[in-house]
Amino acid sequence: MATTQDVGLLTRKLGAADYDPTRYVSEISQRCVGGEEILAQRKVIQNLSDDTNNQLKKNVYQNYSQFIETAKEISHLENDMYRLSHMITEQRKMLTGLLETSLLGDRVPLTHVMEKGEVHVEKEPEPTNVNIVDQGRKDLLDLMENVEGGREIIDVQTRFILHHGDLVEMDVGDNSALHRVHGYLCNDSLIIATWLREKRGPVRFKMSSIYPMSTIAMVNVRDLAGVKHAWKLLVTPDPRLFQCKDAESKKAWLTAYDEAKDLQRTGGIPKPKTFERAKSIRPRANEPLNPFGEDDFEEEAEDSSKEPEIPEWLAELPDTLDVHIAQREFEQAVELLKEADEELAISGDTQQIRETKAAAEGRKDTLIKVLKGELRVTPDKSLQGGPRTARRAVNLLSSLGRANEARDLLLAHRTALLRHTVKNVRPEGSTVLYVQRLGTAFYQQVGEACREFDKCFPGQRDRSSALLMWTEEEIEWFADRLDKQVFNSQSPITVVSSCVSFLRKQSERLVNTGMDVIFMLDNRLQASIEKVIMEARDKAVEAVKLRWAEENWLPHNCGSRAGLEKAVSDLNSVGVANISSYVGENSHLLLTTNTVSFSQAYLQLTDQLLLLFTPGTRHLVNESLVSVLHAHLRHMEQAVRGETEQGGNQRDSQFVVKNAAFLLDTVLTLAEHRYQEKTQSDCPKLAKLHSNYTWLKEGRASLSKYTDPNYV
């Protein structure tokens with residue numbers, strides 16, 4: 001069966017009110033034979049869709065100006081509606097005022113009343129419950145005119161306002177400001193409205209959330225961690241934190257909340273006055289309890305004086321502390337404990353007071369145990385809480401008189417965090433790169449621990465000794481790891497010197513935090529460093545013997561011009577700047593291969609030994625520098641004496657003198673200069689070595705053989 005080709009019929013079908021896509025597809029499937037007819041039908045529908053889209057675009061383009069004008073008219077009408085609403089509100093206020101106006105003065109109190117020719121002042125009567133409700137209802141109607149979506153609030157006829165004001169909502173986790181809000185506390189609910197960026201007439205706020213009074217709790221937040229004048233709204237699923245502009249505003253919010261709770265308990269009947277939490281009232285000494293002085297109640301008065309009643313908040317202290325601890329409101333719990341201790345200290349010794357003291361001590365022990373758990377590290381506990389969590393627990397424990405325990409727990413917490421961080425450093429790459437990452441992580445944690453300790457115990461020098469002992473223990477632990485990674489038989493002095501130099505620079509940065517750990521590090525690593533220095537010295541002396549066994553006193557042949565430039569570049573890299581006077585013809589250096597190799601090796605050894613230079617290794621570094629150079633000069637001395645005794649030719653003698661002059665005037669001078677620059681002092685043994693071997697540059701044997709025992 002052929003498919004429908006009439007576009008008009010297809011349009012009417014698709015645009016019918018009873019059009020069902022599923023039924024239409026089933027009909028097409030039954031009528032069409034094969035996939036070609038279905039594709040043809042799909043193409044017809046697609047063409048119809050494209051035509052419809054094009055027609056819509058044309059209609060939009062043709063009526064674009066009408067759309068803009070209509071939007072402007074709607075905006076004008078909206079502004080007119082806002083103005084009319086404001087006018088109606090003003091007229092309602094005026095009519096209400098006229099209705100309350102009385103010619104007889106029975107509802108409006110008069111300030112002065114003329115009676116019998118005398119003028120006296122009549123006190124204004126206190127507001128009755130009806131006046132409070134009516135005034136709160138009027139204020140609520142006026143305030144909801146400024147709130148978008150506030151119409152549903154005023155639909156409840158029994159609802160009236162108790163307090164309202166601007167607030168700043170804070171993040172419960174890090175106490176950072178989120179945004180400004182405006183709060184409305186009514187007799188049956190709490191309303192939170194956000195500020196509108198674009199003001200529309202009298203509307204300034206937008207309804208955000210409304211909480212029934214039976215589902216919320218408003219608690220005081222102690223001024224800690226940079227948050228002042230704040231209170232917390234306990235509501236499911238997550239609590240919210242709000243900050244007031246000053247202490248008076250915060251007190252007004254909490255007082256209004258207490259009044260709202262009283263209204264909930266009394267069935268909506270407001271009280272003329274609100275009551276704050278009062279201290280216990282105790283009779284003075286020798287004061288009669290019966291104000292009428294009657295003897296009928298003496299017995300009853302004596303019984304009441306024996307068992308004075310304690311305030312309600314003190315009787316409910318254990319339950320209140322349990323709530324604060326369960327909700328992790330540790331600051332409020334500590335503040336409440338302090339107030340309870342002050343109150344109980346001045347209370348009498350009665351059975352009820354003793355029971356309250358015992359209950360308070362029990363809750364205090366529970367709170368201390370919970371705070372210790374915040375600092376105690378266990379295998380199943382995450383270490384990502386951050387320093388602020390630990391600082392909070394330490395400050396609260398110090399407030400409860402457990403400063404020493406807080407100090408030890410803080411250092412134990414920092415130990416776990418430090419070792420966890422260091423162990424997570426992966427041993428990738430070369431040994432030097434791994435030690436650099438290891439040292440950076442270690443010293444960063446040590447510095448952060450010192451700063452946190454100063455924040456938790458500012459100005460308490462009596463506790464700094466514990467921090468020093470902790471640092472020494474961590475340096476010892478860190479050095480044990482370095483012994484396994486760096487100071488082993490396979491690590492050359494180049495690796496050891498680079499690692500130790502980097503660690504010493506990291507230690508110097510901690511001096512700015514008031515913690516000098518350079519001495520601790522040097523003292524712990526001195527034995528391992530001395531072992532490395534002696535091994536490097538012995539290897540260098542042995543290399544000198546091997547090179548002199550192959551000495552042939554011929555100029556160093558570089559092979560080509562490129563080889564000569566490379567040799568000159570290698571000497572420049574170790575500090576020999578001017579080598580042009582020793583460059584000969586045919587890519588030769590006027591120095592022996594032994595002299596060139598020894599100069600490079602000795603200057604590199606000098607740099608590495610100076611990186612390991614400390615007051616403790618000073619003697620060993622000096623002895624190593626002198627002994628290696630002395631070994632080479634002794635072999636040269638034997639060669640000069642042999643040439644003199646055998647009567648060598650003049651050309652060979654001049655070549656030997658040139659090599660000796662290079663060693664004494666260039667290599668030894670560079671070593672002395674680097675030593676003085678690093679240590680800010682001279683090495684007497686190097687200077688004496690220079691003076692005692694000056695005769696080598698003259699080409700004649702010395703009259704006395706050099707046998708100074710100080711160089712051995």
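For clarity, every value in this text was computed on a predicted model and none was experimentally measured.
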Note to self: Evaluate T494 against V432 for side chain to side chain contact (heavy atoms under 4.5 Å, CB included), listing each step before the verdict.
What the structure shows: CA-CA 10 Å; T494 54; V432 177; over 6 Å; no
Check: Got a salt bridge between D570 and K566, using NZ or NE/NH1/NH2 to carboxylate O under 4.0 Å?
Finding: yes
Next item on the list: Apply the side-chain hydrogen bond (donor to acceptor under 3.5 Å, both in side chains) test between R634 and each candidate in E637, H630, H632; give the one that qualifies.
Entry: H630
Check: Checking S569 side chain against E565 main chain: does a donor-acceptor pair fall under 3.5 Å?
Finding: no
Notebook entry, point to check: When rounded to the nearest 0.5 angstrom, what is the spacing between CZ in R414 and OG1 in T421?
Noted result: 8.0 Å
Next item on the list: Verify the neighbour count for atom CD of E472: are there more than 12 heavy atoms of other residues, nucleotides or ligands below 6.0 Å?
Entry: no
Notebook entry, point to check: Knowing that exactly one of I325, N220, V221 qualifies, which makes a side chain to side chain contact (heavy atoms under 4.5 Å, CB included) with Q332?
Noted result: V221
Check: Nearest 0.5 Å, what's the SG-CG distance between C558 and L589?
Finding: 4.5 Å
Note to self: When you measure from the side chain of E672 to the backbone of D682, do you find a donor-acceptor pair of N or O atoms at a distance under 3.5 Å?
What the structure shows: no
Notebook entry, point to check: Which atom pair, heavy atoms only, marks the closest approach of I533 to S624?
Noted result: CG2-OG, 3.4 Å
Check: Under 4.5 Å between any side-chain heavy atoms of V422 and W477, yes or no?
Finding: yes
Next item on the list: Could you pull out the closest heavy-atom pair between F662 and T595, with the gap in Å?
Entry: CD2-CG2, 3.8 Å
Note to self: Would you say that F598 contacts V544 through its side chain, given a criterion of any heavy-atom pair below 4.5 Å between the two side chains?
What the structure shows: yes
Next item on the list: Using a strict 4.0 Å threshold on nitrogen-to-oxygen distance, state whether E474 and R419 make a salt bridge.
Entry: yes
Note to self: Given 3.5 Å as the limit, does a donor-acceptor pair link the side chain of S501 with the main chain of S497, or not?
What the structure shows: no
Next item on the list: May I ask you to test the L482-L503 pair for a side-chain heavy-atom distance under 4.5 Å?
Entry: yes
Note to self: With side-chain hydrogen bond (donor to acceptor under 3.5 Å, both in side chains) as the criterion, how do Q526 and E530 come out once you've worked through the C-alpha distance, each side chain's angles and the decisive distance to 0.1 Å?
What the structure shows: CA-CA 6 Å; Q526 182 171 346; E530 288 178 350; 3.1 Å; yes
Margin query: I'd like to know if the side chain of W548 and the backbone of H635 have a donor-acceptor N/O pair within less than 3.5 Å.
Written below: no
Checklist line | Aromatic ring pairing F478/F442, orientation class (parallel under 30°, perpendicular over 60°, tilted between) | finding: parallel
Notebook entry, point to check: So, does T592 use its side chain to make a donor-acceptor pair with the main chain of N659 at under 3.5 Å?
Noted result: no
Checklist line | Rounded distance (nearest 0.5 Å) linking atom NE2 of H556 with atom CG of L591 | finding: 9.0 Å
Check: How long is the gap from CD on E329 to CG on L336, to the nearest 0.5 Å?
Finding: 11.5 Å
Notebook entry, point to check: Are R509 and Q506 close enough that some pair of their side-chain heavy atoms sits under 4.5 Å apart?
Noted result: yes
Notebook entry, point to check: Taking the side chain from S691 and the backbone from K688, do they hold a donor-acceptor pair closer than 3.5 Å?
Noted result: yes
Item checked: Over all atoms of both residues, closest heavy-atom pair of A671 and Y602 -> CB-CE2, 3.9 Å
Notebook entry, point to check: Of the options T669, D607, T606, which is the one that meets R674 in a side-chain hydrogen bond (donor to acceptor under 3.5 Å, both in side chains)?
Noted result: D607
Margin query: Measuring from atom OG of S573 to atom CD of Q600, what distance do you get when rounded to the nearest 0.5 angstrom?
Written below: 6.5 Å
Check: Of all heavy-atom pairs between L321 and A333, which one has the smallest distance, and what is that distance?
Finding: CD2-O, 3.7 Å
Next item on the list: With the side chain counted from C-beta on, respond yes when S599 and V574 share a heavy-atom pair under 4.5 Å apart, and no when they do not.
Entry: no
Checklist line | Any side-chain donor near an acceptor of the partner, T614 and D522, under 3.5 Å | finding: no
Next item on the list: Establish, from distance only, whether the side-chain atoms of S507 and Y443 form a donor-acceptor pair under 3.5 Å.
Entry: yes
Notebook entry, point to check: Between the side chain of S597 and the main-chain N/O of N594, is any donor-acceptor distance below 3.5 Å?
Noted result: no
Note to self: Tell me whether the count of non-hydrogen atoms from other residues, nucleotides or ligands lying under 6.0 Å of CD in E677 goes above 12.
What the structure shows: no
Note to self: What I want to check is whether the side chains of E448 and Q444 have a donor and an acceptor closer together than 3.5 Å.
What the structure shows: no
Notebook entry, point to check: Side-chain contact, heavy-atom cut-off 4.5 Å: K338 with V334?
Noted result: yes
Next item on the list: Show your reasoning for whether side chain to side chain contact (heavy atoms under 4.5 Å, CB included) applies to K423 and R481.
Entry: CA-CA 10 Å; K423 289 179 181 179; R481 294 184 65 89; 4.1 Å; yes
Next item on the list: Could you tell me how the ring of F453 sits relative to the ring of F457: parallel (under 30°), tilted (30 to 60°) or perpendicular (over 60°)?
Entry: tilted
Check: Should V500 and R504 be marked as a side chain to side chain contact (heavy atoms under 4.5 Å, CB included) after you check the CA-CA gap, both sets of side-chain angles, and the distance that decides it?
Finding: CA-CA 6 Å; V500 173; R504 283 179 59 83; 4.2 Å; yes
Next item on the list: Identify the two heavy atoms, one from A466 and one from L411, that lie closest to each other, and give their separation to 0.1 Å.
Entry: O-CD1, 3.8 Å
Next item on the list: Count the heavy atoms belonging to other residues, nucleotides or ligands that lie under 6.0 Å from NE2 of H179, then report whether that count exceeds 12.
Entry: yes
Checklist line | T666 side-chain N/O to L663 backbone N/O, donor-acceptor pair under 3.5 Å | finding: no
Margin query: Taking R524 first and then D480, would you say they form a salt bridge - that is, a charged N and a carboxylate O separated by under 4.0 Å?
Written below: yes
Note to self: Between R437 and R426 (side chain of the first, backbone of the second, donor and acceptor by atom type, cut-off under 3.5 Å), is there such a pair?
What the structure shows: yes
Checklist line | Over all atoms of both residues, closest heavy-atom pair of V626 and L689 | finding: O-CD2, 4.3 Å
Checklist line | Sub-4.5 Å side-chain heavy-atom contact between R618 and S681 | finding: yes
Next item on the list: Decide, yes or no, whether a salt bridge links E623 with K685 under the criterion of side-chain N to carboxylate O below 4.0 Å.
Entry: no
Next item on the list: Take V621 and L625 through the test side chain to side chain contact (heavy atoms under 4.5 Å, CB included) and record every step on the way to the result.
Entry: CA-CA 6 Å; V621 170; L625 290 174; 4.2 Å; yes
Notebook entry, point to check: Rounded to the nearest 0.5 Å, how far apart are CG of L686 and OH of Y675?
Noted result: 7.5 Å
Next item on the list: Would you indicate whether the side-chain heavy atoms of L668 and L629 approach each other to under 4.5 Å?
Entry: yes
